[in-house]
Amino acid sequence: MQNSVNIRKQEALEAISAAASTAEIADIEVRFLGKKGSINELKRSIASIPVEERPALGARINEVAAEVRELLDTRRAELASSEMSARIASESLDVTLPGLPFPQGGIHPLTQTSDRIKQVLSGMGFEFVDGPELEDYAYNFDALNYPEEHPAMDEQMSFFITNDRLMRTQTTALQGRIMSERKPPFRIATIGRCFRYEAVDATHHHTFHQVDVFMVDENISMADLKGTLGAFARSMFGEETLVRFRPDFFPFVEPGVDYSILWQGRWLELGGAGLIHPNILQAHGIDTNRYSGFAFGLGIERTHMIQTGVNDLRLYLENDVRFLRQF
Amino acid sequence: MKVPVSWLKEYVDFDLTAQDLAATLTMGGLEVEEIEESATGAVLDVYITPNRGDCLSILGVAREVAALTGGALKAPDGTFSQSDPPSDRATVRIDNTEQCPRYGARIVRNVTIGPSPAWLQERLEAAGQRSVNNVVDITNYVMLELGQPLHAFDFDLLHGGQIIVRNASEGESIKTLDGEDRKLDSSMLVIADAETPVAIAGIMGGADSEVSESTTSILLESAHFHPLAVRRTSQKLALRTEASYRFERIVDPAGVVIALNRVCELLAALGQPLSFSAPTDVYPASIEGKTIDLRPTRTAQLLGMPISPDTCVDALTRLGFVLEASADADTLHVVIPTRRPDLTIEEDLIEEIGRVHGYENIPESLPRGITTHGGDSKLGTFITRLKSIFVASGLQEVVTHSLTAPSPFDTQSEQFAARRVPVRNALSTNVSGLRRSLLPTMLDVAQANAARGQSNLALFEIGRVWQNELVNGELAAEEYLSVACLFVGSRIPPDWQRPAGKKSDPADYTAIKGVLDHLLAKLNISGHTLRPASDRPEWLPQLHPGRAATISLRGGRPDGIIGELHPEIAARLDLRNRIYLLEISLDSLQRAAPESLRRYSPISRQQSVSRDIAPRVPNEVPYAAVAAAIESVGCPVLTEFRLLDVFVGAPLPQGVRSITISLTFGTKPTSLTDDRAVTEQEVIAALTEIRGALETRCDATFVG
């Protein structure tokens, strides 16, 4: 019997050393060490030998089984490792090939800039309110202290729909609407589309976008305006940005200024600003001895052009997708 | 306005380069747009804001330089006393003193008309004026110098030798210096002789009394006209001149005689044996400057910087304003000169002090006070939400024109054409009306992009549209918000994985319908219906009648449209590819979308069961009816169903299609603890009910 054990052992060792894959090792394991494997089969013959020899044979069978198992495990580990290497070698890709494109949506650059402006001003306590683009003449001009038939009107050529309704020339038109329904203090901003009757070229367009910002509270000064503009401009254009005022004329502010930012070494004009004209506050019953306010405006296109170097206003409404996808 | 620096130097002392002078003026409120070089040195091109008519002269700019730099102003004294014989003077009558408060005149005889001296010609040229002859040049020169427009008539051509300032009679006309015959009406102020108008007041002289080479006597006019009178006439006649430009912006009434004298002084310097009449100055009601009270404390408060009363006084004095004695130590009484009618309230003076003192001295501070609640509007927030849904669907936002030419959409039906809102004063068709829909301008974008080789497009826009509505029996323009999408070509351009020809992800009807489905699902809008265009083709003349539908979000009136562009319109727009469109009212979407967040619906952690059914339904039964039939069962264990396939053709009989639907069954637990798996009996019962509903409601049959 001891001989059969040795023969089985020899067979197993030969099979293991001949095995070329982990799958073959699995087969060998079943063939020799499985429930009905040839080494286990030997145990059945134990009953047929003398009782005193049985323990020795049993021990010998277990010993061989353990040896075979160890060899199997070692060989399996070797084969598994080389199989993994082979698989990895066979599966290598050109990892620099372009990725699979999928439908790419995008937001128009004017919306991106508007969203950023909204974010910054919201954080400074300004509430955004929407106004109509088809506006009453009264809100667009009269309520903003435009003197009737003044040469100032020449700079505001409008598209008229009827005698008293026009496409708003400035988002400032919302100020009268707000002041007729609210009491100070308030901080309001409105963003949207405006229209002026202009010939279209790289720097002029009959359709453009603007944000108008205004607040009324006690003791609001030109310094508060400058500080607010400074904080706003630094959020939009970077921490180093400086703001400067220059006197200018807008019927709805007094004092009126235009403001510029120092950006990358150059002063760039951004928009108009000033303290809200007392005539406007008084027209809405606001006590100008107690309250004052400021207002400023900013072009959305202008902001985006400064930030990105776009040099032609017309690109925004042209919507060439090669332009839009750049942002 | 062009300001030769050498000329400016005659009126004010300053020691600045042209660049520094330009910077000082710009920072003081007179923006120098350009510095030009001329034969007589640097010339500043200054932009004067419409409220500063007083700066439309060399002297006016000199006053600003004096105020901003502290340099001494050297104004001409404005006297001229030579007259011979003293009894000779011009006869002037003003019939409308409201429109012409003051009229000064002088007759000059023995004039020889000829070229101007070289220095005068050079000055005019530097200031951008053409030289005409000595008399006309001198009047123009004084206008540029002092800001007062002047005119010289050939005195011998004035009927009756007199001047009458009156309104024109209806039907009167005048041939102006530019050779045009102009019809006048009674709203227009004219300068007339005894018989006819000889000039349009404040705008342009008449050709019949023009100074010419044969002129020997002239009548000089220096007058003050009301800005509105000049502006209205100038607009009516579409005639703008240097004179009207200045009068509209208000000329100093106090300068009338000074300018007249200055002209005489320069004429006298020509060296001709001239004889000057005594001056005429008709000024029945003198215009006085007003007095404004200024509080230095308020000045400091509004400017937000420390400013002492002395600083206020210094700035006001530099500007040439006179301070009256004040009983109240905290208030200054400031007399405003008549050249500055733009200054009417205390804040106007605060601005003057601020700019003379220098805005660069204003510090930065942040407003202190009650904290206000910032944030976007409800509408703005909703729009941002819509945009993120579209971007996630792979669409690119566009922003198109509101002002448009009539589109094929509008002209397709008379009813639509009538609802278009025209722009009243449009000069070009491109901006002749307001868009009724976002789609026509989006089609323009598609067309322009296609012409540049960009033919695969998935676009969306959110914007305002307008149409005429009947309000109290009259058409009035109403503003709405609209949302639109456009698909053309393939949603994904061909690439190495999906070569051209084997087009994947085509932009077709199902693609745009997918955008709509996704949008409504994300907005938590349910219960909407689509009505095929074939039901009411007149509602959708712009779309393909077999491939379009109206969308109703809550039943009733359509809130939007979806479908393929009508092939006829596509051909007219020269669009070769099929284009798919969606437009829906944003106002309707906002009304239909619940404001609150969607309530949580529990999900089962048990295995679900899936079964496919394939009813055969008549072609005329739309998928919506099939889906409605399934939903009508109200099956408690049906968690989801999905369309897998639509099959038409052999071996199916004609007129029938097979629709394969995958049904998913599971339980809907109310809590994690009562979660259980769906049973086979429940699935069988549900399938039986669903089949039954499809048979009765959709005329469906099942095979096998």
Side-chain angles (χ1 to χ4, degrees), chain A residues 100-108 110-111 118 122-130 132-134 149-152 159-161 185-187 193 206-207 215 217-224 226-228 230-231 244-249 254-255 257 275 278 292 316-317 319-322 324, chain B residues 27 29 49-51 228 231 248-249 301-305 345 347-348 350-351 354-355 359 362-367 369-377 379-380 387 390-402 421 423-425 431 445 449 454 458 464 466 477 479 491-492 495 497:
Chain A
L100 188 63
F102 46 90
Q104 295 274 324
I107 290 290
H108 194 281
L110 293 179
T111 304
K118 280 185 182 180
S122 294
M124 295 170 80
F126 287 90
E127 176 190 343
F128 279 80
V129 179
D130 302 288
E133 288 175 16
L134 171 53
E149 299 182 64
H150 192 268
F159 291 99
F160 281 92
I161 304 304
F186 48 72
R187 301 184 182 196
R193 183 171 279 199
H206 56 63
T207 302
M215 75 170 292
D217 204 339
E218 292 175 8
N219 295 322
I220 295 301
S221 70
M222 291 292 279
D224 294 331
K226 206 176 196 180
T228 303
R244 143 184 126 171
F245 285 167
R246 214 174 57 72
D248 202 351
F249 170 70
E254 190 67 46
V257 296
L275 295 185
S292 49
Y316 294 103
L317 289 178
N319 294 291
D320 188 314
V321 291
R322 292 168 300 176
L324 299 180
Chain B
M27 292 313 293
T49 53
N51 60 325
L228 261 185
R231 181 171 168 82
E248 277 186 44
R249 284 156 177 75
Q301 187 204 329
L302 281 186
L303 292 176
M305 58 178 164
I345 56 172
E347 283 77 2
D348 293 327
I350 293 175
E351 174 177 76
R355 71 184 183 91
Y359 281 156
I362 296 178
E364 287 192 19
S365 67
L366 284 173
I370 296 169
T371 303
T372 50
H373 165 85
D376 204 354
S377 63
L379 175 64
K387 288 184 178 177
F390 285 128
V391 171
S393 300
L395 278 71
Q396 168 67 50
E397 186 188 13
V398 293
V399 170
T400 69
H401 288 282
S402 309
V421 178
V423 168
R424 235 189 36 185
N425 59 331
V431 294
V445 168
N449 273 287
Q454 304 295 316
R464 317 241 178 162
W466 296 264
E479 185 169 301
R491 282 209 287 168
I492 303 172
D495 63 273
Q497 293 258 305

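Letters go in sequence order (proteins before strands), and every chain restarts at 1.
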Where on A:F126 is there a heavy atom nearer than 4.5 Å to chain B: the side chain, the backbone, both, or neither?
backbone
Of the non-hydrogen atoms in A:L324 and B:E397, which two are nearest, and what is the gap between them?
CD1-O, 3.5 Å
Could you state the interatomic distance from CD (B:Q396) to CD1 (A:I107), rounded to the nearest 0.5 Å?
8.0 Å
Given heavy-atom pairs under 4.5 angstrom as the criterion, report whether the side chain, backbone, both or neither of B:Q454 touches chain A.
side chain
Any donor-acceptor pair under 3.5 Å from B:T372 side chain to A:G125 backbone:
yes
So which residue, B:L395, B:V398, B:L302, ends up with the most heavy-atom pairs under 4.5 Å with chain A?
B:L302
Contact origin within B:E479 toward chain A - heavy atom pairs under 4.5 Å
side chain
Using non-hydrogen atoms only, which part of B:A458 is less than 4.5 Å away from chain A: side chain, backbone, both, or neither?
neither
Which atoms form the tightest heavy-atom contact between B:Q301 and A:S221, and what is the distance?
O-CB, 3.2 Å
Parallel, tilted or perpendicular: rings of A:H206 and B:H401 (30°, 60°)
tilted
Top contributor to chain B interface from A:T207, A:I220, A:T228 [non-hydrogen pairs under 4.5 Å]
A:T228
Residue A:Q104 versus chain B: region with a heavy atom under 4.5 Å
backbone
Counting only heavy atoms closer than 4.5 Å, note whether B:M305 contacts chain A via side chain, backbone, both or neither.
neither
What part of B:I345 lies closer than 4.5 angstrom to a heavy atom of chain A: side chain, backbone, both or neither?
side chain
To the nearest 0.5 Å, tell me how far B:R424 CZ sits from A:F159 CZ.
13.5 Å
Select one option (side chain, backbone, both, neither) describing which atoms of A:D217 are under 4.5 Å from chain B's heavy atoms.
side chain
Is a donor on one side and an acceptor on the other found under 3.5 Å between the side chain of B:D376 and the backbone of A:S122?
no
Measuring from atom OH of B:Y359 to atom NZ of A:K226, what distance do you get when rounded to the nearest 0.5 angstrom?
10.5 Å
Is there a side-chain contact between A:D320 and B:N449 (heavy atoms, below 4.5 Å)?
yes
So which of B:S377, B:G380, B:S393, B:A392 has the biggest tally of heavy-atom pairs under 4.5 Å with chain A?
B:S377
Pick from B:I362, B:V423, B:V445, B:V399: which one has the most heavy-atom pairs with chain A under 4.5 Å?
B:V399
Which atoms of B:T400 are under 4.5 Å from chain A, going by heavy atoms: the side chain, the backbone, both sets, or neither?
both
